[in-house]
Amino acid sequence: MNSILKLVNDFISSESTREYAKREFNAILWVALITITSVLLDKVFKLFRLWSKASKIPGPPCNSFFGHGNLGSRENFIDLLWESHDKYGSVFKLWLGPTQLLVSMKDPTLIKDMLLKAGDKLPCIGKAFRLAFGRSSLFFCSYDQAQRGRESLAMELDDKLLGKANVISKNVVNCIMEGVDASMSIGSVDCKLISQHMAFTILGTLLFGDTFLAWSKATFYEELLMMIAKDASFWASYRFTPFWKRGFWRYQSLCMDLKCLTLDIAQQCGKNHKLSCHMDRNSHIGTANDKFFSQELGGDINAREEPCGNIMGLMFHGCIATTNLIGSILERLVADAEIQDKIYSEIMKVKQGSVREDQDVEEMLLLLATIYESARLLPAGPLLQRCSLQDDLILKNGMLIPAGALLVVPAQLLQMDGSSWGSDASKFNPYRFLSKAVKGSDSVHDTSSTDPIQCSFVLNDPNDNAAFLPFGSGMRTCVGQKFVIRGVATLFASLLEHYEMLLQAKSCSRSMQMVCLISKAPSSIGKWLKINSWSGDSLCEKKPLKDETGRLWCEYLFLLLLQLFNVFLTFDGKASGFVLSFVSSELMGSPFLFCSLATKREDVTRL
Ligand code: HEM
């Protein structure tokens, strides 16, 4: 044993071994140095390539290395984009930072082209969903990863649309109408809450079937989902998940509660489905017999995905966006009694001529046109965003957009732009989506000849106008568009059949708008429901404001260091840097826009 140890000792202390170790160490250092240098050179090369490709896109000159710092406040950022288009043309660029290029587009045909070619979303959008609901395939930033989930959901929804005229069952309509009646007995209800409740019931029954209507925890689920929705983008706006923040862990515990509740309703849904299969082999009440939903609810999904992650994501996006749409329709109808009357006549006419018990919404063209028009004027998602993470994009006009650039479309302004919608672009006119049924006639704009009882119309496809983008377009277009239009139409057909909506006297300001629903049932004439229009009140408690300047400074310095690290070491030409990342939240269905680091986090607009 001693002799072995001596041999080893001699070997280590020998000159040649030390020389060998030194050379090995030097070699390792050289390899590390060459690797780091080549990585850095690659980054620098990509940076120059990005700068040189972007130089061909028109835009304001950028004197600062950190991009256009003075972009104005959040509120007028969209106006700033719009005005810059007048100066620089239909496509222009802005540098948000040395590695972050924003390209804004205004020309509808170029936009359609871009939306067809750019299939990816900013990683931030996927992150908001992942933080709240865990890994899921829908709403993923890269198109390749989202494609499978999108296709299977689209197939399920198409099946539902083909199967029945009414995508939401009579039970759902009855349940919502009961809710409206109950509110009438109390006397007053918030417009936002009633729209939210309607949207929630439609989405809940789409995903969980009629079991959802009898679920005792539905109200709590609704509140929890809205609380999570309110802060989702805020937490996702951190480049590095803020594990050090107590608020983040509170948010995570809410998300955990939501997951437990989702699993609870999913289990009940599964049990009821088995029961209904025993009782009625042909039953098609909802979800669990559909492949997409059964995979989700039954846990038969990719092991890396969160059980029910897609379901929660759909509830989240679908509820918020549908709430906005319903609220927008309510507001338009209240403001335009004439259209409301005409829709009522149309509903009654269709009802009289039909033998069916449910609403034949396909025949209610003015109602459908009203929904399209309300969606056009919907103040949701001011920016539609896309990017192409891997490949450069070449637009129809030959312009090259480098990979990783953040592509934005100021959709809200485009949808009210006179050059695409005519001189009455900012007015509510559902007839722009209708044409007279006579061959060769133009779209109808003269409301004197627009009585649906007297004239016959055809409904134009809203997507024929390239500037119609409330549901997006192209590769990542909204999968639920047709479903939501039909579902909301069914709901409004029943609502308008039974109630008239009026603006209550002395409530002129938008924030104080009161709406009366006057029951058309003879026994209850004179009863009305007050609806407080969009009060904007949050369901969440407001956090007390404390003086946290010291802590914020430390956090700021920490993030600044990470940012420098990010810019100089991890630059890869993708729109993932975080000097200033403006992200539209069309998927969250609300008009908020957030940026990280450069604006105070307290300024993030909430739902
Ligand atoms: C009024 C209601 C809704 C509005 C305004 C709306 C709007 C949108 C918009 C603007 C997008 C992004 C499109 C793009 O980038 O081109 C989107 C995506 C999507 N929407 Fe909706 N949506 C609504 C309801 C729904 C519903 C009810 C569902 C499902 C049942 C749904 C499922 C989806 C899905 C799966 C995506 C694609 C996400 C992705 O590929 O990343 N939406 N929606």
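All heavy atoms count here, side chains included; hydrogens, waters and symmetry mates do not.
Phe234 contributes atom CZ, which lies 11.0 Å from atom OH of Tyr251 (distance to the nearest 0.5 angstrom). Taking NZ of Lys259 as the start and CG of Leu254 as the end, the distance is 11.5 Å to the nearest 0.5 Å. Here the CZ atom belonging to Phe45 is positioned 12.0 Å from the CG atom belonging to Leu50, to the nearest 0.5 angstrom. Here the CD1 atom belonging to Ile485 is positioned 6.0 Å from the CD atom belonging to Gln481, to the nearest 0.5 angstrom. Between Arg250 atom CZ and Lys245 atom NZ the span is 10.0 Å, to the nearest 0.5 Å. Distance check: Trp235 CH2 to Gln252 CD gives 9.5 Å after rounding to the nearest 0.5 Å.
By the 6.0 Å contact criterion, NZ on Lys482 is open, its count of non-hydrogen atoms from other residues, nucleotides or ligands being 12 or less.
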Derivation and outcome, side-chain contact (heavy atoms from CB on, under 4.5 Å), residues Met198 and Leu491: CA-CA 8 Å; Met198 288 177 186; Leu491 188 62; 3.7 Å; yes
side-chain contact (heavy atoms from CB on, under 4.5 Å) assessment of Leu102 paired with Leu407: CA-CA 6 Å; Leu102 177 143; Leu407 294 150; over 6 Å; no
Chi angles and distances behind the side-chain contact (heavy atoms from CB on, under 4.5 Å) call for Leu263, Cys308: CA-CA 7 Å; Leu263 289 173; Cys308 292; 4.0 Å; yes
Trace of the side-chain contact (heavy atoms from CB on, under 4.5 Å) decision for Val103 with Leu406: CA-CA 6 Å; Val103 177; Leu406 164 58; over 6 Å; no
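When side chains are defined from C-beta on, Leu224 counts as touching Leu261, because their heavy atoms get closer than 4.5 Å. The side-chain heavy atoms of Val172 and Thr201, taken from C-beta on, include a pair separated by under 4.5 Å. Between Leu384 and Leu115 there is a side-chain heavy-atom pair separated by less than 4.5 Å. Leu314 is listed as a side-chain neighbour of Phe139, based on a closest heavy-atom distance under 4.5 Å. Side-chain contact between Val408 and Met105 is absent, with no heavy-atom pair separated by less than 4.5 Å. Counting heavy atoms from C-beta on, the side chains of Ile78 and Gln412 never come closer than 4.5 Å. Pro60 places a side-chain heavy atom less than 4.5 Å from the side chain of Leu94. For the pair Thr262 and Phe133, the minimum side-chain heavy-atom distance is 4.5 Å or more.
In this structure, Thr205 contributes its side chain and Ile202 its backbone to a donor-acceptor pair below 3.5 Å. The backbone N or O of Thr323 sits nowhere less than 3.5 Å from a side-chain atom of Gln196 that would complete a donor-acceptor pair. Formation of a donor-acceptor pair under 3.5 Å by the Gln100 side chain with backbone atoms of Trp95 is not found in this model. Judged by distance alone, with hydrogens and angles left aside, the side-chain atoms of Lys127 form a donor-acceptor pair with the main-chain N or O of Tyr238 at under 3.5 Å. Side-chain atoms of Arg476 do not come within 3.5 Å of backbone N or O of Ala118 as any donor-acceptor pair. Side-chain atoms of Ser328 come within 3.5 Å of backbone N or O of Ser374 as a donor-acceptor pair. For Thr477 (side chain) and Gly474 (main-chain N/O), no donor-acceptor pair under 3.5 Å exists by modelled atom type. Checking side-chain atoms of Gln415 against main-chain N and O of Leu469 turns up a donor-acceptor pair under 3.5 Å. Although no hydrogens or angles enter the test, the distance criterion places a donor-acceptor pair under 3.5 Å between the side chain of Lys93 and the main chain of Ile57.
Ring pair Phe200/Phe212: centre-to-centre distance below 6.0 Å. A distance below 6.0 Å separates the ring centres of Tyr221 and Trp215.
Taking both residues in full, the closest heavy atoms of Cys387 and Ala405 are given as CB-O, 3.2 Å, listed atom of the first, atom of the second, then distance. Smallest separation of non-hydrogen atoms from Trp51 and Pro98: NE1-O, 3.1 Å. Summarising the geometry of Gly149 relative to Leu138, their closest heavy-atom pair is C-CD2, 3.6 Å, with the distance given to 0.1 Å. In plain terms, the two heavy atoms of Cys255 and Ala132 that are nearest each other are CB-O, 3.2 Å. Across Gln390 and Ala403, no two heavy atoms sit closer than the pair O-CB, 3.4 Å. In this structure, Pro402 and Ala54 approach most closely via the heavy-atom pair CG-N, 4.3 Å.
Inspection of the Gln145 and Ser142 side chains reveals an N or O donor paired with an N or O acceptor under 3.5 Å.
Ion pairing between a basic and an acidic side chain is recognised when a charged N comes within 4.0 Å of a carboxylate O; Arg386 and Asp120 show no such pairing.
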